[in-house]
2 protein chains.
Amino acid sequence: MINIESKIELLKQKCSEANMRLTPQRIEVLKMIASTDTHPDAETVYEKVKEVMPFISLDTIYRTLASLEDLGLIFKVDNELPKSRYDADLSPHCHFICVKCGAVYDIHMDKSIEPPKESFKYGEVLQTNLQVKGICHKCRG
Amino acid sequence: MINIESKIELLKQKCSEANMRLTPQRIEVLKMIASTDTHPDAETVYEKVKEVMPFISLDTIYRTLASLEDLGLIFKVDNELPKSRYDADLSPHCHFICVKCGAVYDIHMDKSIEPPKESFKYGEVLQTNLQVKGICHKCRG
DNA sequence: GCTATTATTAGTAATAATTACTAATAAGGA
DNA sequence: TCCTTATTAGTAATTATTACTAATAATAGC
C-alpha cells in the first residue's frame, strides 16, 4: 500500500516547484487513486471523490488526472480497454489485465524492467511497461 | 516484412473454420495492415482501403478490424493514445511508442517475452506485451 | 491578516473515437 | 443457379474525453 501522507507531501512540493496551486480537488483525487489498487478510470474517481466533494465536476477530474500525470505522481496503465486507467504506485511492477472484465492486477517485481537495447535506436526512452493479458479467475469461474 | 499471400491464405482458412465469409473487404483490410509497419489506426486503414474500394464504410473498417482480431490475425497495440493502433506481425516483438507524435516502431526480439511467474496467480495468461515509451528522434530534433 | 492577481474550478457544450441500427447486398453451400 | 443468411454501406447513436466561460479561491506581496 502506498503511503498517502508522503504522497500528499510530494504533491505539495511538486505543485510549488511547478507554480501550480495545491487545491483540495488535487489532494482528493490523488488520495483516491493512491488508496486503492483497482486502477480506477476517470468515472470511478469522479464517483468516489463526489462522496467527499459533491460539487466536483467530471471536467475537473480529467484535468486533475492530467495535471497529476504531468507532475509524475500518477500514470496511465497501458491497455486497449475503452477507458484510461490510473495508477499511483511508482514502484517497479507490471499489470495483469483481464480482457473480459477489464480488471487490472498488480504484479510486483524486485527490479524494474529494462528496455531492449534496440529501443535506444528510436529515441530517448522514458519508461518501459509490461502487461500480461488474460482471463482472470472470476471470469473463468 | 510479413508475407501477405500466406496471411490471406490464413484468413481464408480461419474464416472457413469460424463459419465466416471471405469478403473482399476483409482481404483488403488485412492486406493494408500487413503491408505496413506503421501500425495504422482505423481512420488510416479507412483512407487507404478507400483507394481501392471507394464505397467501403468506416463502420466496416471497425467491424472488420474486430473480426480479424477475433480470428487472431491482427492485434491492437497497447497504448494510451486516443486511437487504437493495429499490428499484423505476430512474430515476437515489442514497440517503441513516441509519446509526442504517436509513432510506433517495432523492436524485434529473438524470443518472446515470458510473463512473470506471479501472473498465473491472477488467471489464464493469453499474451505478454512490452512497450517502451519515449520521445522519437524526429520529435527531439 | 488583507488584498490583488491569476490559476483553477463547476457547469455545460463540443469533439473525437467507436459502436449500433437497418435495409440492401453478396458469399458460398445445396 | 438459387437460397439462406452473414456482411455491408450509410447513417445515427453512444461513449470517453476535451474545450469554453464566468465564478471562485490559492497564494504571493503588502
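Reminder, nothing fancy here: chain letters follow the sequence lines and each chain counts from 1. No experiment lies behind these values; they were computed from the predicted model shown.
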Item to check | Atom-pair distance (CE on Met53(B); P on dG10(D)), nearest Å | outcome: 11 Å
Next on the checklist: Given 3.5 Å as the limit, does a donor-acceptor pair link the side chain of Ser67(A) with the main chain of Arg63(A), or not?
Outcome noted: yes
Checklist entry - Among Asp106(B), Asp89(B), Asn79(B), whose side-chain hydrogen bond (donor to acceptor under 3.5 Å, both in side chains) with His39(B) holds? => result Asp106(B)
Next on the checklist: For a quick test of reading the model: is some side-chain N or O of Thr64(B) closer than 4.0 Å to OP1 or OP2 of dT7(D)?
Outcome noted: no
Checklist entry - In terms of side-chain geometry, is the basic nitrogen of Lys31(A) or Glu28(A) positioned less than 4.0 Å from the acidic oxygen of its partner? => result yes
Item to check | Whole-Å distance separating the CG atom of Asp41(B) from the P atom of dA17(C) | outcome: 8 Å
Checklist entry - For the side chain of Thr60(B), counting heavy atoms from C-beta on, which of dA16(D), dA9(D), dT27(D) is nearest? => result dA9(D)
Item to check | Leu65(B) CG to dT8(D) P, straight-line distance once rounded to whole Å | outcome: 11 Å
Checklist entry - Out of dA26(D), dT7(D), dA10(C), which has the shortest distance to the side chain of Gln25(A)? => result dA10(C)
Checklist entry - Is a donor on one side and an acceptor on the other found under 3.5 Å between the side chain of Ser35(A) and the backbone of Met32(A)? => result yes
Item to check | Distance in angstrom units between Lys14(A) NZ and dA26(D) C1', rounded | outcome: 21 Å
Next on the checklist: Using C1' atoms of five pairs at each end, report the bend of the helix from dG1(C)-dC30(D) to dA30(C)-dT1(D) rounded to 10 degrees.
Outcome noted: 50°
Next on the checklist: Need to verify one output field. Residue with the more 5' nearest nucleotide on DNA chain C, Ser16(B) or Leu58(B)?
Outcome noted: Leu58(B)
Checklist entry - Think Thr23(A) has a side-chain N or O under 4.0 angstrom from the OP1 or OP2 of dT9(C)? => result yes
Checklist entry - Considering only dT18(C), dT8(D), dT18(D), which nucleotide approaches the side chain of Arg26(B) most closely? => result dT8(D)
Checklist entry - What does Phe55(B) touch in the nucleic acid at a heavy-atom separation under 4.0 angstrom: a base, only the sugar-phosphate, or nothing? => result sugar-phosphate
Checklist entry - Hey, which of these two, Arg63(A) or Glu43(A), hits DNA chain D nearer its 5' end, going by closest nucleotide? => result Glu43(A)
Checklist entry - Over how many whole Å does the gap from Asn19(B) atom CG to dA30(C) atom P extend? => result 11 Å
Item to check | Test log, rule side-chain hydrogen bond (donor to acceptor under 3.5 Å, both in side chains), inputs Asn129(B) and Gln131(B) | outcome: CA-CA 7 Å; Asn129(B) 301 324; Gln131(B) 284 90 243; 4.9 Å; no
Item to check | Lys83(B) NZ to dA16(C) P, straight-line distance once rounded to whole Å | outcome: 9 Å
Checklist entry - Can a cation-pi geometry be assigned to Lys117(B) and Phe120(B), taking NZ or CZ under 6.0 Å from the six-membered ring centre and within 45° of the ring axis? => result no
Item to check | 5' precedence on DNA chain C between Ala42(B) and Leu22(B) (nearest-nucleotide basis) | outcome: Ala42(B)
Checklist entry - Does dT17(D) have OP1 or OP2 sitting under 4.0 Å from an N or O in the side chain of Tyr62(A)? => result yes
Next on the checklist: What I want to find out is whether Glu43(A) reaches Lys83(A) closely enough, with some N-O distance under 4.0 Å, to be called a salt bridge.
Outcome noted: no
Checklist outcome for this item: Taking dA26(D), dA27(C), dT8(C) as options, the one with an atom nearest any side-chain atom of Arg21(B) is dA27(C)
Next on the checklist: Once you apply a heavy-atom cut-off of 4.0 Å, does Pro54(A) come out as touching a base, just sugar-phosphate, or nothing?
Outcome noted: nothing
Next on the checklist: Nearest whole Å is fine: how far is dG28(C) C1' from Lys12(B) NZ?
Outcome noted: 13 Å
Item to check | Among dG10(D), dA19(D), dT17(D), the nucleotide that comes nearest once only the side chain of Asp59(A) is considered | outcome: dA19(D)
Next on the checklist: Would the distance check show the side chain of Arg26(B) and the main-chain N or O of Arg21(B) forming a donor-acceptor pair, the cut-off being under 3.5 Å?
Outcome noted: yes
Checklist entry - Starting at CG of Leu11(B) and ending at C1' of dA27(C), how long is that distance when rounded to a whole Å? => result 13 Å
